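On a predicted model such as this, the values are computed, not experimentally measured, just so you know.
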Amino acid sequence: MSDEQDKRELTALQAALAAEHAAVYGYGVVGGRIREGRRTEAKAAYDAHRARRDTLVRAVRDLGGKPVAAAAGYALPFPVPDSEAAVRLAGELEERVAGVYSDLVRATVDGRRAMAAEALREAAVRAVRWRGESVAFPGLAERAATTSNTSASPTSATSATPTA
């Protein structure tokens, strides 16, 4: 693999890691507000994001990088006062993570690409479960809108004000 390819992969891995940090934080909020009947689902998603985060830390180190650290806190996209808002937040978290993993799929090859594709699929499935609806190509429509806007960064998870 070339140095340029390694750099692209490392950048995309760091963005995915930052997104997973934000998702773990966000699911902490979700878990505190979600109704009893959906707590098991929220806990499973929280655990899945923690596991993906740990996998990404190893992948960044394998490429010689220093894994991006989690922020002390993250700005939520909207207030989460109740279970209904917690469900919306969970769907939003999954859609954001799916978008970052779609970038990782494009930036990686071989085993890392397979891992990224699997993570994208899992996030898309969780988003559908939370939202009750799906999009044709998870992570892609949202990314096109973001990257066409020159004032927005391609990965909101790595912005100056982290969002969950």
- [ ] Mind checking side chain to side chain donor-acceptor pair (under 3.5 Å) for R8 and listing every partner two or more places apart, or none if nothing turns up?
- [x] Q5

Open item on the list: Going by side chain to side chain donor-acceptor pair (under 3.5 Å), name the residues that satisfy it together with E84, two or more places apart in sequence or in a different chain.
Closed with: none

- [ ] Would you confirm whether Q14, through its side chain, and V68, through its main-chain N or O, come within 3.5 Å as a donor-acceptor pair?
- [x] yes

Open item on the list: Please check: side-chain N/O of R126 versus main-chain N/O of E94, any donor-acceptor pairing under 3.5 Å?
Closed with: no

TODO: Would you confirm whether R33, through its side chain, and V80, through its main-chain N or O, come within 3.5 Å as a donor-acceptor pair?
DONE: yes

Task: Residue pair R96 / P77: nearest heavy atoms and the distance that separates them - done: NH2-CB, 3.5 Å

Task: Under the side chain to side chain donor-acceptor pair (under 3.5 Å) test, residues paired with E4 that sit two or more places apart - done: none

- [ ] Might you point out which heavy atoms bring G91 and A127 nearest each other, and give the distance in Å?
- [x] O-CB, 4.3 Å

Task: Separation between CZ of R106 and OH of Y101, rounded to the nearest 0.5 Å - done: 14.5 Å

Task: Heavy-atom pair of closest approach, residues V105 and A117 - done: CG2-N, 3.5 Å

Task: Partner set under salt bridge (Lys or Arg N to Asp or Glu O under 4.0 Å) for R38, not counting sequence neighbours - done: E41

TODO: Report the distance from atom OG1 of T40 to atom NZ of K43, rounding to the nearest 0.5 Å.
DONE: 10.0 Å

Open item on the list: Applying side chain to side chain donor-acceptor pair (under 3.5 Å), can you list everything that pairs with R61, at least two apart in sequence or on another chain?
Closed with: none

Task: Min side-chain heavy-atom separation S83-E36 under 4.5 Å - done: no

Task: OG1 on T55 to CG on L13, rounded to 0.5 Å - done: 11.0 Å

TODO: Nearest 0.5 Å please: distance from the CG atom of L104 over to the CG atom of L120.
DONE: 9.5 Å

- [ ] Sorted by first residue and then second, give each ring pair (Phe, Tyr, Trp, His ring centres under 6.0 Å) pair with at least one member in residues 28-67; sequence neighbours left out.
- [x] Y27-H49

- [ ] Could you check if a side-chain atom of R112 sits within less than 4.5 angstrom of a side-chain atom of D62, using non-hydrogen atoms only?
- [x] yes

- [ ] Salt-bridge test for D54 and R50: reply yes if a basic N is under 4.0 Å from a carboxylate O, no otherwise.
- [x] no

Open item on the list: Quick check: do L93 and L89 have side-chain heavy atoms less than 4.5 Å from each other?
Closed with: yes

TODO: Please tell me if the side chains of E118 and R52 come closer than 4.5 Å, counting only heavy atoms from C-beta onward.
DONE: yes

- [ ] Indicate yes or no: at least one non-hydrogen side-chain atom of R131 is less than 4.5 angstrom from one of E92.
- [x] yes

TODO: Quick one: closest heavy-atom pair of I34 and A42, and the distance?
DONE: CG2-CB, 4.3 Å

TODO: Would you kindly confirm whether L56 and L63 end up in one hydrophobic cluster when ILVMFWY residues are joined by side chain heavy atoms under 4.5 Å apart?
DONE: yes

Task: Validation row: E20, Y25 side chains within 4.5 angstrom (heavy atoms) - done: no

- [ ] Decide yes or no for W130 and R88: does some side-chain heavy atom of the first lie under 4.5 Å from some side-chain heavy atom of the second?
- [x] no

Open item on the list: Taking the side chain as everything from C-beta on, heavy atoms only, tell me whether L17 gets closer than 4.5 Å to R53.
Closed with: yes

Task: For A12 against D103, the heavy-atom pair lying closest together - done: CB-O, 4.4 Å

